[in-house]
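Just so you know, these numbers come straight off a predicted model, no measurement behind them. In what follows, chains carry the letters A, B, and so on, assigned in the order in which the sequence lines appear, proteins first and then strands, with residues in each chain numbered from 1.
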Amino acid sequence: MKDTEVCRRLLGVEEPWTVTRVRIDTQARELHAFLDRGKGWFNRVLFEQPKSRWRHSNLGAYKAFVHSSLQDDLSDEDRKMPFIGQPGSEFTTGLARKVTDCLRSGLRYREVCELLEIDVHLAWQIRHAIQNGLFGREYTGLADRMTLDSPDTADALVPPASDPVWQFLLESGRMLETRLLSLRLLLTRARQEFPQLEDDVARSIRITEIRRFFVKHRHQLPSELRQLRALREEGQEAKSS
Amino acid sequence: MIRQKGELLDFDAAVERIRSGRPLALAGDRSVLADLPEGNWVAGTSPYFMTREQGECRRDRIFVQELAGEIAGIQSYTRDTLPGFLEDAPENGYTVIILPSGTAIHHDYAEQSPRYPEMYLKPVVGWVAGVHLDDLGREQSQVLDGRECQTFSDRAVAIHLALPQGQTAMVHAVNLFGPDDGPVLRFDDTGFEVDHCLVAGERMRFSEFLKNHDVDCRRPLVADYCGAAINVSIQAVDEDTGKVRLYAPVFRNVEYRLAKPVDDYAERFSSEMPGGTGEILFGCNCILNYQHCGLEGRATEGLAGPITFGEIAYQLLNQTAVVLTLEAD
């Protein structure tokens with residue numbers, strides 16, 4: 001059996017979805033599955049379509065990540081598939097569901113994070129989504145429990161993708177002083193593209209990428225994170241005045 | 001000064017390095033690369049090098065850069081698969097990629113790589129392979145995949161390396177050129193060949209602008225990417241069509257200015273090298289800096305590596321030195 005087929009079964013991926021490629025990162029203990037829907041394009045990578053990357057439940061000792069582009073014509077049913085997530089989010093619906101199941105069975109929030117190997121940044125995103133009604137209003141109480149269990153450490157964290165600071169960063173033209181070439185280029189590309197992106201999905205994918213950069217390099221970016229917080233306050237003040 | 005491991009070796013010493021099994025990025029003339037044994041290496045053709053002592057052209061030597069980390073893959077990419085090359089890279093690590101100059105895959109990378117998946121999220125450095133300047137138009141640059149000693153003129157080769165937790169690869173572009181005080185230039189389309197441009201908002205032929213302002217074409221165009229100066233070098237003006245050929249594409253919706261001349265490149269170079277204590281894993285510098293700034297016989301303190309026909313620090317750069325350092329978190 002091909003590795004893509006094994007992966008398809010482990011992830012519970014069903015037609016018309018297919019696993020086109022699998023990459024194992026042994027050093028980081030990560031499995032990356034690349035999904036397509038409908039007819040694939042053989043080995044051709046269609047880079048023009050913005051691609052999302054979601055953390056899924058672990059497969060054995062490996063953290064699983066799913067990569068795919070979501071077409072506009074997806075039905076609501078398709079969008080709820082457990083092995084994918086919302087375009088601007090960083091986790092699959094299946095992982096968020098697992099978090100709520102664990103919480104409902106009595107585990108504390110921190111225990112759930114440890115059990116599922118979710119870091120504080122991702123946990124915060126999931127909590128935020130549940131709070132905003134990902135699974136309906138009856139689950140918002142769970143999110144409140146998560147808040148009590150894990151006091152809000154927003155100042156120490158990278159703001160969630162839904163925070164207006166990201167849009168403000170990309171649209172206001174404000175400079176972010178940084179020595180990292182990668183961040184300079186990433187911001188330049190996003191600022192060039194942002195006004196031309198017609199739909200919110202493409203914009204949220206770009207914001208998620210920038211946020212992912214900040215999470216990944218947070219230890220090297222204390223000054224940039226301070227600037228981001230200042231920008232956030234500035235944006236809030238501008239909005240309220 | 002930061003420690004650097006890259007060095008120019010004779011054939012036998014290079015073979016010995018390959019037999020050690022360690023991951024390597026190699027550069028040399030096609031005649032000397034052709035006989036290398038299989039191993040964990042990628043290579044591209046160029047007979048020009050910066051050693052610790054000086055810039056030199058040698059057809060009988062191989063520049064060997066030993067890379068750190070665990071090999072996550074050595075791969076060749078076609079035009080169809082290249083856009084996904086960073087999806088093969090590990091989450092914590094880096095990639096060294098080499099492209100053959102003047103080919104469709106080189107142009108694809110130059111124009112499209114800023115939009116590739118995972119671009120800027122995973123460190124990538126590399127270079128564009130070339131040929132001896134005496135062989136321009138007669139020989140084709142090549143890249144090699146060392147696993148089976150395959151040679152390509154229409155593919156890119158890449159080596160992906162994973163780093164342990166606590167280590168990060170950092171990409172630096174060392175660019176001595178900065179924008180002058182002249183007018184802002186914009187271009188209608190993304191591409192390697194330019195006909196018209198907007199000069200401070202006024203449309204005119206780019207070749208006329210260069211002629212009217214008596215521009216020394218050794219000065220690149222410079223764009224400001226959130227504080228990073230990114231060059232595009234001018235290759236030639238086509239006398240028949242009046243179009244201007246470039247060594248990298250200009251991008252639509254980006255503002256450019258001509259660069260200020262650089263007085264003494266070799267002298268100024270060390271002050272522009274990245275600070276910090278990280279070990280240099282990879283370096284390269286541009287053939288145009290080698291030619292125009294008189295680097296033959298002179299050293300660029302702190303940086304050794306192949307002299308290349310385009311440099312890659314995420315995207316394609318011109319007239320820039322690229323450095324990859326290994327840093328502790």
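Residue A:Phe65: no heavy atom, backbone or side chain, is found under 4.5 Å from chain B. Residue contact with chain B, scored on non-hydrogen atoms closer than 4.5 Å, is absent for A:Thr178. Heavy atoms closer than 4.5 Å to chain B are found in the side chain of A:Gln196, but not in its backbone. Looking at B:Ala72, there are no atoms closer than 4.5 Å to chain A (heavy atoms on both sides), in backbone or side chain. At a 4.5 Å heavy-atom cutoff, the contact between B:Tyr225 and chain A is made by backbone and side-chain atoms alike. Contact annotation for B:Leu163: only backbone heavy atoms (N, CA, C, O) come within less than 4.5 Å of a heavy atom of chain A. Of the two parts of A:Leu180, only the side chain, counted from C-beta on, holds a non-hydrogen atom closer than 4.5 Å to a non-hydrogen atom of chain B. With a 4.5 Å cut-off on non-hydrogen atoms, B:Ala313 touches chain A through its backbone and its side chain both. Contact annotation for B:Met119: both backbone and side-chain heavy atoms come within less than 4.5 Å of a heavy atom of chain A.
Each of B:Pro90, B:Cys226, B:Pro123, B:Ala162 has some count of heavy-atom pairs under 4.5 Å with chain A, and the biggest count is that of B:Cys226. Highest contact tally toward chain A, considering only B:Glu70, B:Gln165, B:His160, is held by B:Glu70 [criterion: heavy-atom pairs under 4.5 Å]. For the set B:Asn253, B:Val124, B:Asp88, the count of heavy-atom pairs under 4.5 angstrom toward chain A peaks at B:Asp88.
For A:Ser89, the side chain to side chain donor-acceptor pair (under 3.5 Å) test picks out no residue, with sequence neighbours left out.
Under a cutoff of 6.0 Å and an axis angle of 45°, A:Arg203 and A:Phe194 form a cation-pi pair. A cation-pi arrangement, defined by a distance under 6.0 Å to the six-membered ring centre and an angle within 45 degrees of its axis, is absent between A:Arg55 and A:Phe91.
Here B:Glu91 pairs with A:Arg53 in a salt bridge; the nearest charged N to carboxylate O distance falls below 4.0 Å.
If you check the side chains of B:Gln319 and B:Asn175, you find no donor sitting under 3.5 Å from an acceptor. In this structure, a donor-acceptor pair under 3.5 Å is absent between the side chains of A:His67 and A:Ser52. Side-chain contact, A:Gln220 with B:Thr168: a donor N or O sits under 3.5 Å from an acceptor N or O.
For the pair B:Leu24 and B:Leu67, the minimum side-chain heavy-atom distance is 4.5 Å or more.
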